[in-house]
Structures are given as structure tokens and as C-alpha cells.
Amino acid sequence: MAAQIIDGKAFSARIRDKVATHVARLKDEHGITPGLAVVLVGEDPASQVYVRNKGKQTVEAGMNSIEHKLAADTSEETLLALVDKLNNDEQVHGILVQLPLPKHLDEDLVINSIDPAKDVDGFHISNVGLLGTGQKSMVPCTPLGCLMMLRDHHGNLSGLDAVVIGRSNIVGKPMAQLLLGDSCTVTIAHSRTKDLPDVVRRADIVVAAVGRPEMVPGDWIKPGATVIDVGINRIEAPEKGEGKSRLVGDCHFESCAEVAGAITPVPGGVGPMTIACLLANTVTACCRANGLAEPDGLTA
Ligand code: GUN
């Protein structure tokens, strides 16, 4: 195996330490404790795990965690009233409405009802527009985490060829904007892209975010390229015993690691960075709300 492994677990621990240090300073010097409100509607098991982890890590960083768990049949009116209350609560600096929402709720309407200054997911249409025009915004957590790892590995990304595979609003599109902001030449590839292997082979940076297990093989990777694997897919693993499963990324790890210069593993790569960046965004939002200097290295 040739590639350097980019350790997202260790990197995210450093980000969380930085967040905790800044939170301690906000408390000591200004008497302010950043607060993150997370809203969960319904009982989706994966969402429950995410929300629990978010709450735990928020408290570990010294911040206030406010959790609202609503029944699956909650009306849109009730949910919008809660968001409005959180928008107007000075103790709340960040608001996250866990997705997906139950089908009867309009996700776009709910997300766009969040105060953009508290939108720590960076999903509000105002933040999307600000990011797209290179202005100060709240940046979606997973692409922000990928950018931090890329900057840490390369130093300067200027002039590099980057291919983002996947065009989702949550990862692919904002990732492309961030790479463009760092002066990469960016291609967004997707399911209709012609000759995907050739497109990927041109890239110095490959960000895979499609949700298809091991779809990128090593022979698509340019020697020495950096591979950021956003995919988290659970597949059957009969070799571990009957009914067992394991997590894999969107890239075939072993073959990509033979060719790449650096690669993020799954698990332990991009995954842990997402919550770390959520905490970072909450501190950033708190500093902006109070007219205080933002911590270095925690924003795009
Ligand atoms: N569901 C899965 N990932 C996310 C995320 O990053 N933010 C929100 N709000 N919901 C999610």
C-alpha cells in the first residue's frame, strides 16, 4: 500500500480540542456559552444515533446542547413554531433540524425558516447563495471537513484538478464551491457523466460522494492523487460470519490505496469530521452573533 492514510479520527479530535479551547475562552472572557439546538422529528434509528452523538460531543466541547424530540406525526405548523422560538432564543446560536423529515413535512420550507445566522448545517438558501458567490456564510459540515483535511494535507490547493463525484445539495455542490474558492479547477461528475473513469483519471483530488459501495476502483485513480471518500455504505460481510456486515466507502479502498498519494479510510476518515465541523460552525455562529473574533482554522 503506497498511500498515506488521512486519519479523520485524529484530525477531528484536534478540531474538537480547538473548539473546546475557544468555548472556554468565550465563557471566561465574555460569560457566553455557545448553544446548539437539535430538532429530531420521528424515530428513524440512524437519526437517533446521529442526534445522540451530536448532543454528547456538544456537551464534551463545553457547549449547551438543547434537544427537541417531536413525534413522527408532528404538524408543519408545530415544527415551524418551534424553529421560530429557537430563532428568537438568545441562548441558541446554532439550529439543526435532523434530516430526513417525515414525508408530510416540507424540508425546504422548514430549512428556510431557520435564521440563516443560526443555520449551522449551511442548508438555508441564503447560505447556499453566499457560498456560491464567495461571501461569508455558514458552510455545510461534511464538505467543510473534507476541505480542512485537503488543506492540511496539501497546504495550498491552488491550480489542482479536482473531481467531485456526486451532485447532492448536502455534499457534492457545496464541495465543488469550496474547492473553486481555493482555486482548484473543478469538475462535478454524476450518474450521467460520459466516461467517468477518464474524468476521474485527470484529477489530483477525487471527492467521492455518491453512496454506491466501492464504485471507484484503483485503476480510475491518477498515481499520487488524493482520494477523499465521503461514502458510508453498509454491505454484507459473510466472511465475518452469517448475517454480519461491514462499512465501506464509495471507493474500493485497497486498490485505490495502491495508487493514491493519500486516502481517507471508511470508517475513520470523513465521518468523524462532520460532527467536529458542526461544533466548529456553532462556535463560529456564536462569535458572529456577539461581534467577536472567529477562531482561526475552523471556517472556510
Ligand atoms: N442527516 C444526515 N446528515 C445530516 C446533516 O448533516 N444534517 C442534518 N440536518 N441532517 C442530516
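Every heavy atom of this structure was used, including side-chain atoms; hydrogens, water molecules and symmetry mates were not.
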_If I compare all heavy atoms of S168 with all of P174, which pair ends up nearest, and what's the gap?_
O-CD, 3.8 Å
*Which pair of non-hydrogen atoms, one from N87 and one from S113, has the smallest distance, and what is that distance?*
ND2-O, 2.9 Å
*Can you find a heavy atom in the side chain of I6 that is under 4.5 Å from one in the side chain of F11?*
no
_Closest contact, heavy atoms only, R202 versus D161_ = O-CB, 3.7 Å
*Would you call L86 and L82 a side-chain contact if the rule is heavy atoms closer than 4.5 Å?*
yes
*asked:* Looking at E77, I want to see if its CD is surrounded by more than 12 non-hydrogen atoms of other residues, nucleotides or ligands under 6.0 Å.
replied: no
*Return yes if some donor-acceptor pair links the side-chain N/O of D119 with the main-chain N/O of H124 below 3.5 Å, else return no.*
yes
*Would you name the heavy atoms of T264 and G269 that are closest together and state the gap between them?*
CB-CA, 4.1 Å
*Are there more than 12 heavy atoms of other residues, nucleotides or ligands under 6.0 Å from atom CD of Q48?*
yes
*Can you find a pair of side-chain heavy atoms, one from M138 and one from D121, that are under 4.5 Å apart?*
no
_Exactly one of V227, T226, I263 should register a side-chain contact (heavy atoms from CB on, under 4.5 Å) with I221. Which one does?_
V227
*Common cluster, V171/I228, ILVMFWY with side-chain heavy-atom separation under 4.5 Å*: yes
_If you compare all heavy atoms of L298 against all heavy atoms of T284, which two are closest, and at what distance to 0.1 Å?_
O-OG1, 4.4 Å
*asked:* With a 6.0 Å cut-off (strictly less than), is the heavy-atom count around CD of E236, excluding the residue itself, greater than 12?
replied: no
_Quiz question: by atom type and distance under 3.5 Å, do the side chains of T21 and R25 form a donor-acceptor pair?_
no
*Side chains of R14 and M148: closer than 4.5 Å at any heavy-atom pair?*
no
*Salt bridge K54-E67, side-chain N to carboxylate O under 4.0 Å*: no
*For D296, does the CG atom sit with more than 12 other heavy atoms under 6.0 Å from it, leaving out its own atoms?*
no
*For the residue pair V128 and K173, establish whether any side-chain heavy-atom pair is separated by less than 4.5 Å.*
no
_Would you say that more than 12 heavy atoms from the other residues, nucleotides or ligands in this model lie under 6.0 Å from the CD of Q135, or not?_
yes
_Would you say that R167 contacts S191 through its side chain, given a criterion of any heavy-atom pair below 4.5 Å between the two side chains?_
yes
_Residue that, paired with V39, satisfies side-chain contact (heavy atoms from CB on, under 4.5 Å) out of L96, V51, L79_ = L79
*So, do F123 and I170 sit near enough that their side-chain heavy atoms are less than 4.5 Å apart?*
yes
_Heavy-atom pair of closest approach, residues L279 and Q57_ = CD1-O, 3.7 Å
*Flag, side chain of N281 to backbone of C141, donor-acceptor distance under 3.5 Å*: no
*Give a yes or no on whether a salt bridge exists between R201 and D198, defined as a side-chain N under 4.0 angstrom from a carboxylate O.*
yes
*Residue pair I165 / D250, side-chain heavy-atom distance below 4.5 Å*: no
